[in-house]
Amino acid sequence: MRRPLVAGNWKMNGSRAANAALLAELELRVKPQWPIDIAVFPPFVYLAEARRALEDGPIAVGAQDVCAEASGAFTGEVSAAMLQDIGCRAALVGHSERRHWYHEDDALVARKFAAALSVGLMPVLCLGETLDERESGKTEAVVGRQLDAVLALNGIERFVTAVIAYEPVWAIGTGRTASPDQAQAVHAFIRRRIAEQNANIGGQLRILYGGSVKAGNAADLFAMPDVDGGLVGGASLSADEFYEICAAAAARH
Ligand code: PEP
């Protein structure tokens, strides 16, 4: 049985005061005995403080991005080793906002995936098609291409400790959620693609859905057989919403 994961991507939001309040409220409410993993992904500057606030409680801390290079003359970048050094456990790679605004291509995303794994961080590999791509019937071609680039550089065995997040670009921050059936279809496609190379890894891989997940739609999405939790943006900034989403994941099993 795959253990659900609920990951909160705060994007470029927050402040020391707001983060402290949000994390304190979550710590108070989430149940350590829930059979799920929970992680928050604050902006870089707040990672160490978030880590300290959460100590060794049930909520892990991850970064929203990671540099593909190990160290050196890369001004403004943050390496995987630095993230690991301050207690981060995971890093998003290939979020659609990184692909769109910062022109990160499949090859760079594949290198970031490798960089995260090289120090034991769990990469959360984000895949997803735009509305144009969906409407022209290219969803599987796009998601397959994004996935294949990471598989080609890293190899199937490296997916043992990875997580995939299917995030249709048209559903991120738009309030327009993929229907549970739409999400399930792409999740099943991703799992098949992985399972073609290694059936065990395909069976164990956690595939999260992301794109306007909220308290009101989480249970229906998480009820789908290949949806193993969520990557939550906007709703992760509200303790009430995020708690309810976690509770929906915990109730799944
Ligand atoms: C995200 O940031 O990955 C995301 C899915 O955002 P939202 O939940 O706001 O659509």
Side-chain angles (χ1 to χ4, degrees), residues 4-14 18-19 22 26 36-44 46-47 50 59-66 88 90-102 104 109 112-113 116 121-131 133-134 139 142-143 146-147 150 162-180 182-184 186-187 190 206-222 224 226-249:
L5 167 64
V6 179
N9 173 16
W10 293 2
K11 312 194 190 203
M12 197 170 71
N13 293 294
N19 303 345
L22 175 57
L26 286 176
I36 63 170
D37 293 326
I38 305 172
V40 291
F41 292 73
F44 281 121
Y46 298 128
L47 287 172
I59 305 175
V61 175
Q64 297 173 18
D65 187 24
V66 60
C88 282
L92 304 184
V93 297
H95 190 281
S96 66
E97 288 154 15
R98 302 290 320 168
R99 292 180 192 259
H100 178 72
W101 296 111
Y102 303 100
E104 294 190 3
V109 172
K112 290 186 172 201
F113 184 97
L121 292 177
M122 176 181 80
V124 179
L125 169 65
C126 304
L127 311 172
E129 81 288 2
T130 63
L131 188 57
E133 289 163 344
R134 171 163 284 263
T139 298
V142 170
V143 170
Q146 292 171 339
L147 178 57
V150 181
V163 168
I164 289 180
Y166 168 57
E167 297 207 301
V169 178
W170 47 272
I172 298 179
T174 59
R176 183 174 166 186
T177 315
S179 69
Q182 284 174 321
Q184 169 58 28
V186 182
H187 283 228
I190 293 169
R206 292 187 289 185
I207 307 176
L208 314 183
Y209 168 78
S212 299
V213 175
K214 298 183 178 57
N217 59 26
D220 288 345
L221 287 160
F222 299 164
M224 304 313 286
D226 287 300
V227 177
D228 305 310
L231 178 52
V232 184
S236 71
L237 298 170
S238 153
D240 283 345
E241 283 280 322
F242 195 63
Y243 167 82
E244 293 294 346
I245 293 166
C246 293

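Counting convention: from 1, in listed order, for ligands and their atoms alike. Any value given below was found using the heavy atoms of this structure, including those in side chains, with hydrogens, waters and symmetry copies removed.
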N/O to N/O below 3.5 Å, does that happen between [X] and ligand 1?
X	result
Glu167	yes
Gly234	yes
Gly233	yes
Lys11	yes

Are Leu5 and Asp228 close enough that some pair of their side-chain heavy atoms sits under 4.5 Å apart?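 Sidechains of Asp228 and Leu5: no contact.
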Side chain to side chain, Tyr102 and Asp65, heavy atoms closer than 4.5 Å: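 Sidechains of Asp65 and Tyr102: no contact.
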Would you mind running through ligand 1 and noting each atom that sits below 4.0 Å from a heavy atom of [X]?
X	result
Ser212	7 (P), 8 (O), 10 (O)
Gly211	5 (C), 10 (O)
Asn9	1 (C), 2 (O), 3 (O)

Measure Ile172 to ligand 1 on non-hydrogen atoms and call it side chain, backbone, both or neither using the 4.0 Å cut-off.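 The part of Ile172 near ligand 1 is both the backbone and the side chain.
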Part of Ala171 within contact of ligand 1 (heavy atoms, under 4.0 Å):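 For Ala171, only backbone atoms sit under 4.0 Å from ligand 1.
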Between [X] (side chain) and [Y] (backbone), is there a donor-acceptor pair under 3.5 Å?
X	Y	value
Arg206	Val163	no
Arg99	Cys126	yes
Glu241	Ala215	yes
Tyr209	Ala178	yes

By side-chain hydrogen bond (donor to acceptor under 3.5 Å, both in side chains) - contacts of Thr177 (at least two apart):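 If we apply the side-chain hydrogen bond (donor to acceptor under 3.5 Å, both in side chains) test to Thr177, skipping adjacent residues, the hits are Asn217.
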Please report which non-hydrogen protein atom sits nearest to atom 1 (C) of ligand 1, along with the residue it belongs to and the distance in Å to one decimal place.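 So the nearest neighbour among protein heavy atoms is His95 NE2, 3.3 Å.
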So which of Gly210, Ser236, Gly173 gets nearest to atom 10 (O) of ligand 1, if we judge by its closest heavy atom?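 The option holding the nearest heavy atom is Gly173.
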Straight-line distance of Lys11 NZ to Gln64 CD, nearest 0.5 Å: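 Answer rounded to 0.5 Å: 9.0 Å.
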